[in-house]
Amino acid sequence: MKICFVSSECVPYAKTGGLADVSGALPKALTELGIEVKTFLPLYSSINIDEFGLKLDYANQAIRINMGRSTHYFNTWKSHLPGTSAEVYFIDCPDFYNRGVLYTNDHDEAERFIFFQLAVLRILQNEQWAPDVVHCNDWQAGLIPAFLKMNFKWDQLFENTVSLLSIHNIGYQGRFSRDSIYGAGLPYKYYYPGGPFEFYNSFCFLKTGIAFSEVISTVSQTYAQEIQTVEFGAGLEGVLHDRQKDLYGILNGIDNSVWNPEVDGYIAQNYTLETFQYKKKNKQELLESFHLPYDEKIPVIGMVTRLAIQKGLDIFRPIMEEFIQQPVQFVILGSGEPEYEEFLYWIARKYPEKVAVTVGFNESLAHRITAGADMFLMPSHYEPCGLNQMYSLNYGTVPIVRQTGGLADTVKDYDAFPEDGNGFTFYEYTQSALLETLTRAVNKYSDKHAWEKMVTRGMEADFSWHASAEKYVQLYKAAGKNQGKIEQHYRMDGIDLK
Ligand code: ADP
Ligand code: GLC
């Protein structure tokens with residue numbers, strides 16, 4: 001089976017969040033199942049060609065792409081995902097990817113990702129490599145299913161190629177001006193209110209992907225249900241509900257060669273469940289590095305997060321000061337919305353013995369917090385999957401989470417389920433529910449017996465990618481079986497897609 005994996009971020013090359021972790025790990029797990037994978041990524045200027053040993057791909061140079069009135073060229077670089085046979089192709093077009101950040105609010109943001117998606121298909125043509133499935137991730141790859149059915153339909157190479165769209169976060173939809181449709185070379189006739197391209201007066205890449213891919217997935221079973229509701233669907237619930245039969249939830253896994261306390265190269269002291277007593281060296285080192293006093297009896301709560309409203313900061317901010325009057329310390333790493341960055345700086349200044357805050361993106365600190373903290377907080381408003389709670393469980397760091405999306409699928413409350421609870425959860429998205437749960441967790445910390453049980457359950461659980469990768473293979477097959485289904489659906493409405 002041949003899979004073309006299209007993503008706008010991928011570890012170790014470019015990362016803003018969990019999508020990068022998934023894109024770095026899933027293709028690896030797929031190749032271990034004997035699947036041939038080619039991954040595609042823009043060559044952002046932040047990617048260091050020498051550091052990653054990228055090689056110029058002489059077969060795919062100076063390829064021209066017309067987008068409406070503008071013309072751009074790209075070169076291609078290649079590498080392999082570390083330790084695998086999965087090839088990675090980097091689309092090199094400085095006009096678009098020389099911006100300092102991965103995503104922008106620039107006027108040509110739509111063109112940046114239209115170009116990327118067209119470039120992927122152009123390389124496949126050049127290589128005469130026909131994938132069974134193009135696995136499209138998020139809105140940045142949401143147009144490919146439509147491209148295959150329209151602009152590229154003439155090419156017999158893609159005769160048997162179908163698409164799977166994976167939605168990692170329905171809150172990010174890729175909505176642009178309707179004029180971008182011309183740039184994409186897609187037929188304007190499908191832009192009408194309620195049509196496959198149109199969403200609230202904009203051209204929506206994600207909606208297009210939902211409409212034209214053979215199968216749709218998201219990153220946990222609970223989130224697959226949630227996004228079909230008004231509360232979580234961000235306006236796309238109706239469209240998703242219409243495709244209910246083709247919508248699946250597959251939980252992300254974790255890359256055990258990266259997020260594993262036994263081999264983690266970033267942390268002060270490696271450990272396993274058998275040598276769990278060494279974990280405290282990581283706590284000592286973490287606190288020392290921030291000049292926070294160490295006391296074995298005082299639990300440290302870690303947070304590593306994008307500082308976005310999704311992550312529950314609006315219920316956390318008002319209760320944090322009251323909560324830290326209890327015997328507890330915080331180490332927080334995050335970046336994002338300035339109002340939360342300022343708040344965190346303020347509270348760290350006010351409570352220098354209790355709170356350490358780092359604003360920015362810092363891979364090594366993320367690992368040190370996961371290993372050094374006793375608990376890990378994720379009070380997310382919504383969470384499609386969430387990786388940090390699984391990383392924490394793997395490190396014997398007890399998660400405190402809101403019961404939503406993938407958090408609900410991975411963390412069970414110890415008080416409610418003493419037989420198999422592995423953390424602390426709350427359901428109501430309120431300040432009081434969060435405060436009550438944090439307080440429960442801190443009180444429980446002195447109960448060594450209960451704590452040991454939670455730690456053991458977390459560290460013994462298997463969150464590796466293997467099982468999920470097998471489920472993706474099933475989905476790829478399901479997508480193949482759906483070949484022709486979308487075309488048939490439109491034909492019934494008297495529309496011949498092309
Ligand atoms: P999301 O993708 O919504 O941000 P996930 O839990 O799926 O949430 O994944 C977040 C990933 O990004 C994790 O690997 C986490 O460690 C990492 N991360 C988030 N913020 C930072 C940061 N400020 N510095 C380093 N890593 C971060
Ligand atoms: C998104 C979601 C997160 C998920 C990640 C990877 O960024 O917010 O919950 O884990 O994608 O699928």
Side-chain angles (χ1 to χ4, degrees), residues 5 7-12 14-26 102-103 135-141 165-173 206 217-224 226-227 232 234 249-255 258-260 264 266-267 302-313 331-337 340-341 344 356-373 376-395 397 399 401-402 404-411 463 465 468 472:
F5 193 89
S7 179
S8 59
E9 31 186 289
C10 178
V11 160
K15 166 165 172 175
T16 70
L19 171 62
D21 295 16
V22 172
S23 303
L26 173 56
L102 274 54
Y103 313 121
H135 186 157
C136 307
N137 291 280
D138 279 348
W139 69 262
Q140 290 88 347
L165 173 73
S166 288
I167 301 172
H168 296 264
N169 192 331
I170 199 85
Y172 299 88
Q173 305 176 334
L206 194 67
S217 74
T218 184
V219 286
S220 68
Q221 285 188 349
T222 295
Y223 195 60
E226 286 175 341
I227 53 177
F232 292 101
I250 300 181
L251 196 71
N252 290 329
I254 67 183
D255 187 335
V258 181
W259 288 97
N260 178 351
D264 192 328
Y266 291 117
I267 65 178
M303 279 179 97
V304 177
T305 183
R306 288 186 292 115
L307 297 172
I309 192 129
Q310 173 199 343
K311 300 293 179 182
L313 292 148
V331 181
I332 302 177
L333 166 64
S335 68
E337 287 172 30
Y340 295 124
E341 296 185 353
L344 290 174
V357 165
T358 303
V359 166
F361 198 89
N362 186 329
E363 190 70 30
S364 117
L365 182 55
H367 284 250
R368 288 168 49 229
I369 292 176
T370 307
F376 197 94
L377 176 61
M378 294 176 79
S380 304
H381 182 217
Y382 72 92
E383 195 62 75
C385 178
L387 295 167
N388 288 106
Q389 83 281 14
M390 294 194 268
Y391 298 155
S392 300
L393 288 165
N394 222 22
Y395 282 71
T397 304
V401 308
R402 193 170 100 79
T404 181
L407 298 174
D409 293 355
T410 49
V411 184
F463 292 110
W465 264 105
S468 295
Y472 274 103

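These numbers were taken from a predicted model, which means no experiment stands behind them. Ligands are counted one by one from 1 in listed order, and the atoms in each one are counted from 1 as well.
- The atoms of ligand 2 that sit less than 4.0 Å from any heavy atom of Val219 are 12 (O).
- In summary, Arg306 and Glu337 do not engage in a salt bridge, as defined by a charged side-chain N under 4.0 Å from a carboxylate O.
- Interface atoms of ligand 1 facing Leu387, defined by a heavy-atom separation under 4.0 Å, are 5 (P), 6 (O), 7 (O), 9 (O).
- Considering each of Tyr382, Trp259, Tyr391, Phe361, the one bringing a non-hydrogen atom nearest atom 21 (C) of ligand 1 is Phe361.
- The aromatic rings of Tyr382 and Tyr223 lie parallel to each other, their planes meeting at an angle below 30°, with 60° marking the opposite boundary.
- There is no side-chain donor-acceptor pair under 3.5 Å between Asp264 and Tyr391.
- Taking only non-hydrogen atoms, the option from His168, Met390, Met378 nearest to atom 1 (C) of ligand 2 is His168.
- Using a 4.0 angstrom heavy-atom cutoff, Gly334 counts as in contact with ligand 1.
- Near Asp21, meaning under 4.0 Å from one of its heavy atoms, ligand 1 places the atoms 13 (C), 14 (O).
- What sits closest to atom 13 (C) of ligand 1 on the protein, heavy atoms only, is Asn388 OD1, 3.5 Å.
- At least one N or O atom of Gly360 sits closer than 3.5 Å to an N or O atom of ligand 1.
- No heavy atom of His168 sits closer than 4.0 Å to any atom of ligand 1.
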- Item | Candidate pair Val304 and Phe376, rule side-chain contact (heavy atoms from CB on, under 4.5 Å), full reasoning | CA-CA 8 Å; Val304 177; Phe376 197 94; 3.9 Å; yes

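- Remark: ligand 2 atoms within the under-4.0 Å shell around heavy atoms of Asn169 are 8 (O).
- Residue Thr305 has at least one heavy-atom neighbour below 4.0 Å for each of these atoms of ligand 1: 20 (N).
- The contact set between ligand 1 and Arg306, taken as ligand atoms under 4.0 Å from a residue heavy atom, comprises 1 (P), 3 (O), 4 (O), 20 (N).
- Checked against a 3.5 angstrom limit, the closest N/O atoms of Lys311 and ligand 1 fall inside it.
- Atom CE of Met390 is separated from atom CG of Asp21 by 10.0 Å, given to the nearest 0.5 angstrom.
- At least one N or O atom of Asn362 sits closer than 3.5 Å to an N or O atom of ligand 1.
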- Task: Please test Val22 against Trp465 for side-chain contact (heavy atoms from CB on, under 4.5 Å), starting from the C-alpha separation and ending with a verdict.
- Result: CA-CA 9 Å; Val22 172; Trp465 264 105; 3.9 Å; yes

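- Tyr172 and Gln310 share no side-chain donor-acceptor pair at under 3.5 Å.
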- Trp259 vs Leu387, side-chain contact (heavy atoms from CB on, under 4.5 Å): CA-CA, chis, key distance, verdict: CA-CA 10 Å; Trp259 288 97; Leu387 295 167; over 6 Å; no

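- If you look at Asn252 next to ligand 2, the close heavy atoms, those under 4.0 Å, all belong to the side chain.
- Under a 3.5 Å cut-off, the side chain of Ser364 and the backbone N or O of Tyr266 do not form any donor-acceptor pair.
- Counting the atoms of ligand 2 from 1 in the order shown, those under 4.0 Å from a heavy atom of Gln310 are 8 (O).
- Where the criterion is an N or O separation shorter than 3.5 Å, residue side chain and backbone included, Gly18 meets it with respect to ligand 1.
- Shortest non-hydrogen contact noted between Tyr395 and His367 is OH-ND1, 3.9 Å.
- A donor atom on one side chain and an acceptor atom on the other are found under 3.5 Å apart for Ser217 and Ser166.
- Between Gln140 and Ser8 the shortest heavy-atom distance is CD-OG, 3.6 Å.
- Atom numbering of ligand 1 starts at 1 in the shown order; those under 4.0 Å from a heavy atom of Lys15 are 12 (O), 13 (C), 14 (O), 17 (C).
- Taken from CD1 in Ile250 to SG in Cys385, the straight-line distance is 11.5 Å, to the nearest 0.5 Å.
- Residue contact check for ligand 2: Gly17 places no non-hydrogen atom closer than 4.0 Å to it.
- The heavy atom nearest to atom 3 (C) of ligand 2, considering only Lys311, Glu383, Arg306, is found in Glu383.
- For ligand 2 and Pro384, the ligand atoms under 4.0 Å from any heavy atom of the residue are 2 (C), 8 (O), 9 (O).
- Atoms of ligand 2 found under 4.0 Å from any heavy atom of Gly386, numbered from 1 in the order shown, are 3 (C), 4 (C), 9 (O), 10 (O).
- Only the side chain of Val22 comes within contact range of ligand 2, with a heavy atom under 4.0 Å; no backbone atom does.
- Remark: minimum distance from atom 19 (C) of ligand 1 to any protein heavy atom is reached at Val304 CG1, 4.0 Å.
- Between the CG atom in Asn388 and the OG1 atom in Thr370 there is a gap of 6.0 Å [rounded to 0.5 Å].
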- Worked check of side-chain contact (heavy atoms from CB on, under 4.5 Å) between Glu363 and Lys15: CA-CA 10 Å; Glu363 190 70 30; Lys15 166 165 172 175; 3.7 Å; yes

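- The Gly386 neighbourhood of ligand 1 comprises atoms 6 (O), 7 (O), with distances under 4.0 Å to a heavy atom of that residue.
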